[in-house]
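Just so we're on the same page: letters track the sequence lines, and every chain starts at 1.
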Amino acid sequence: MELISQNAWLVALFPLLAALFIFLGAAFNREANKMAITLSLLGTGFSFVWALALLALRLTQPERLLSGGFRWLSVGTQNIEVSWAIDNLSSMMLVVVTFVSLLVQIYSTEYMAHDKGVPRYYGALSLFTFSMLLLVLADNLMVLYAGWELVGVSSYLLIGFYTAKPEAGIAAKKAFIVNRIGDFGFLIGIMILFYMTRSLGFVEVSEAVIAGKIPGVTLAIAALLLFFGPMGKSAQFPLHVWLPDAMEGPTPVSALIHAATMVAAGVYMVAKLMPIFAAATTPLFGNFLVLDFIAVIGGITAILAAAIAVTQMDIKRVLAYSTVSQLGFMMMALGMYQPVIENNVLVAVVPLGYTAGIFHLFTHAFFKAMLFLCSGAVIHAVHTNDMAQMGGLRKFLPVTAWTCLIGTASISGFPFLAGFWSKDELLLSMWEAHSPLFWLAAIAAVLTAFYMFRLYFMTFAGEYRGSLTPAEIHAPGWAMRLPLIILAVPSVLAGFLGTPFTPENWHFQHFIHYSGGQHGSAAHHAGFNMVVLGVSLTVFFVGAGLAWAMYGAAKPMIDPKALATKLKPLHAASFNRFYIDDAYDFIVRVLVMSVAKIAYFIDKYILDGMLVNGLGLFTIAGSETLRYSQSGRIQHYLLFVIMMLVALILLFFWAPLGQVI
Amino acid sequence: MNGTLTQQMVHISVQHYLVVAAILFCIGLYGVTASRNLIKVLMSIELLLNAVNLNFIAFSKYINPEAAGAGGALTGQMVAIFVITVAAAEAGVGLAIALNVFKHFKTMDIDKLHLMKW
């Protein structure tokens with residue numbers, strides 16, 4: 001234990017070493033599949049064990065410090081350090097990340113078996129695991145940002161893994177560029193904080209912020225800019241467009257990166273920097289705080305993505321929009337707060353949904369990773385993403401069907417499954433904050449239950465609609481089934497950590513709660529609210545029932561096509577993703593391109609044409625003219641020298657020396 | 001008249017030397033720029049050098065003559081001797097070139113030697 005507590009950073013080092021050796025090995029032998037798989041599994045496996053030990057340490061010896069660091073560079077009097085620290089939140093994240101990563105890597109051994117470039121795949125996966133762990137370990141903004149960007153890079157590598165597919169390359173670029181837009185704001189936010197506080201450490205910055213060392217407006221702007229990072233990385237509206245396209249990558253990658261870990265990084269970051277967000281009590285306008293902004297963006301994301309998911313036909317896209325929607329839920333909860341008002345002045349805010357957001361992140365990681373792996377198994381079996389070509393697959397893929405049903409029920413909020421409890425917590429936090437977003441969240445939850453059961457029924461229920469013969473549909477082997485079964489366990493049970501009936505000491509809230517700010521934390525035991533419970537149950541049964549009536553029943557009571565025709569504008573808007581991608585397309589094609597054309601014109605004809613080429617032309621013309629002064633007669637040159645000498649002498653004699661020089 | 005002549009005997013100052021040197025230099029300059037004949041040009045260069053030598057010696061004699069012991073500073077004279085040596089070498093090389101030029105072009109007219117141009 002001593003060894004582990006003093007070397008907590010090793011948790012991130014194992015996957016890094018694995019990645020380095022895999023890439024090195026792949027340079028000599030592109031077919032070194034076994035080597036790559038072994039190294040990658042070993043690296044992540046070690047990390048998983050290390051993370052478990054760290055979590056155990058946090059649980060049993062909360063007073064022990066798990067931090068360290070070294071100086072990276074000093075500029076003037078400023079030191080920039082690489083430092084890490086493990087608190088309850090990050091120890092939980094470490095376990096989730098390494099656990100899901102390990103399972104995904106096991107799953108990939110079968111899923112990727114027929115692909116070329118397995119070493120490249122595993123190298124990138126290990127690199128991703130390292131980046132994510134670095135991000136989680138970080139104890140200062142610099143390291144967090146480094147991990148943040150590395151996560152983006154490895155995501156880029158993995159989305160574009162199928163290099164033969166042009167769409168994959170385009171999707172990878174899109175993901176990277178959209179993320180960069182968010183990260184730019186994040187970076188400026190870090191710079192402002194660094195400029196104002198002269199430090200980067202979470203603790204130092206938080207202390208300075210709480211002590212009021214930063215003017216209110218500046219802090220609000222900095223916090224707003226910081227939130228741009230999570231908007232990109234956690235796919236919040238309007239920067240959510242990259243995530244559905246990122247589904248061009250291999251499905252296990254989607255499960256790991258675009259469901260359980262990387263997209264959760266934004267939520268994690270908001271939680272980690274919650275003292276800064278909560279301290280930004282200067283309203284942006286009216287009574288609108290930065291936290292309200294976070295909540296509203298989360299709300300828009302949740303409802304919008306859920307509304308898009310109900311009409312998509314690509315199984316992975318449904319899951320992708322579902323992920324976006326769930327991340328919106330988490331953000332919404334993180335933005336919930338209770339104002340502390342003294343003498344009619346807002347002096348502080350107490351976050352209410354901190355635990356709920358993280359709790360949902362925790363449970364969501366399991367069931368969403370499982371759902372993605374299920375979709376991977378389905379795609380592996382029928383070689384298509386189109387749900388119109390599926391149906392009736394329960395017969396062929398019983399394990400996948402069962403785990404998918406568990407995941408679907410869990411995310412939809414079937415009573416006593418993990419998603420039920422965490423969604424209940426989310427709704428409760430919104431109820432307690434008296435936020436109107438509560439009803440928005442309830443509607444989004446109805447849609448969640450609807451589209452998830454729609455996915456399940458269209459894929460597994462009814463009759464097979466595709467063109468393959470039953471013999472061609474091959475069920476996945478154990479390497480793919482095992483991770484599904486393992487993930488099903490937390491998808492069912494993880495929620496029991498956070499029920500209103502859980503004993504105090506075992507409660508998720510006891511372990512992870514907001515503890516910043518001088519106005520105390522909201523570390524109260526999650527209450528039991530009949531209204532919220534009622535809403536949450538109604539939501540599930542309405543959504544699931546509707547899906548059953550339209551897609552599940554042997555004889556559909558409501559014809560989806562008829563309904564689609566009846567609600568044509570709505571259906572079209574949802575099917576076309578509310579034209580957001582088209583709006584981006586328009587912006588890029590019309591606005592950006594026209595600016596680019598002007599810039600190109602200026603560059604080509606004014607800068608290059610007039611200045612650069614003009615200078616060249618002038619030189620050519622000048623030398624063409626002057627070359628005729630070269631007569632070749634040495635006496636001419638001499639005469640010229642003498643004339644100049646005489647001129648100079650006359651100048652010096654006639655004009656006072658000072659005036660000339 | 002006689003007496004007056006001795007009394008009025010002109011004191012030779014540094015300016016006199018300088019004027020002579022300047023005249024010599026101008027003649028040389030004229031010769032260098034205006035002569036057509038290559039040999040004349042070379043001779044005019046010798047004039048230029050000797051005008052300079054004259055300056056050196058004049059300055060050496062009149063400006064601070066007691067600087068280094070009874071005989072005065074001989075810096076200028078030394079430079080002049082050095083110049084004479086170099087000028088001898090230069091004349092040798094120059095004449096050799098002139099000879100070769102004549103062998104090649106069958107002329108000494110430097111207006112006709114203008115190959116080094118655009």
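Sparse packing is recorded around OH of B:Y30, with 12 or fewer heavy atoms of other residues, nucleotides or ligands lying under 6.0 Å away. Other residues, nucleotides and ligands contribute more than 12 heavy atoms inside 6.0 Å of the CZ atom of A:R198. No more than 12 heavy atoms of other residues, nucleotides or ligands shown are found within 6.0 angstrom of OH on A:Y156. The 12-atom threshold is exceeded at OH of A:Y584, counting heavy atoms of other residues, nucleotides or ligands nearer than 6.0 Å. Heavy atoms of other residues, nucleotides or ligands lying less than 6.0 angstrom from NZ of A:K116 number 12 at most. Atom CE of A:M196 sits in a crowded spot, with more than 12 heavy atoms from other residues, nucleotides or ligands closer than 6.0 Å. Atom OH of A:Y605 has 12 or fewer heavy atoms from other residues, nucleotides or ligands within 6.0 Å. Other residues, nucleotides and ligands contribute over 12 non-hydrogen atoms within 6.0 Å of the CZ atom of A:F161.
Between B:I110 and A:R633, the closest side-chain pair of non-hydrogen atoms is not below 4.5 Å.
For a heavy-atom cut-off of 4.5 Å, chain A lies close to no residue in residues 12-28 of chain B. Contacts between residues 638-645 of chain A and chain B, counted as heavy-atom pairs separated by less than 4.5 Å, involve A:L638, A:L639, A:I642.
Judged purely by atom type and a 3.5 angstrom limit, A:Q635 uses its side chain to pair as donor or acceptor with the backbone of B:S35.
Contact count versus chain A (heavy atoms, under 4.5 Å) is highest, among B:V41, B:L113, B:L29, for B:L29.
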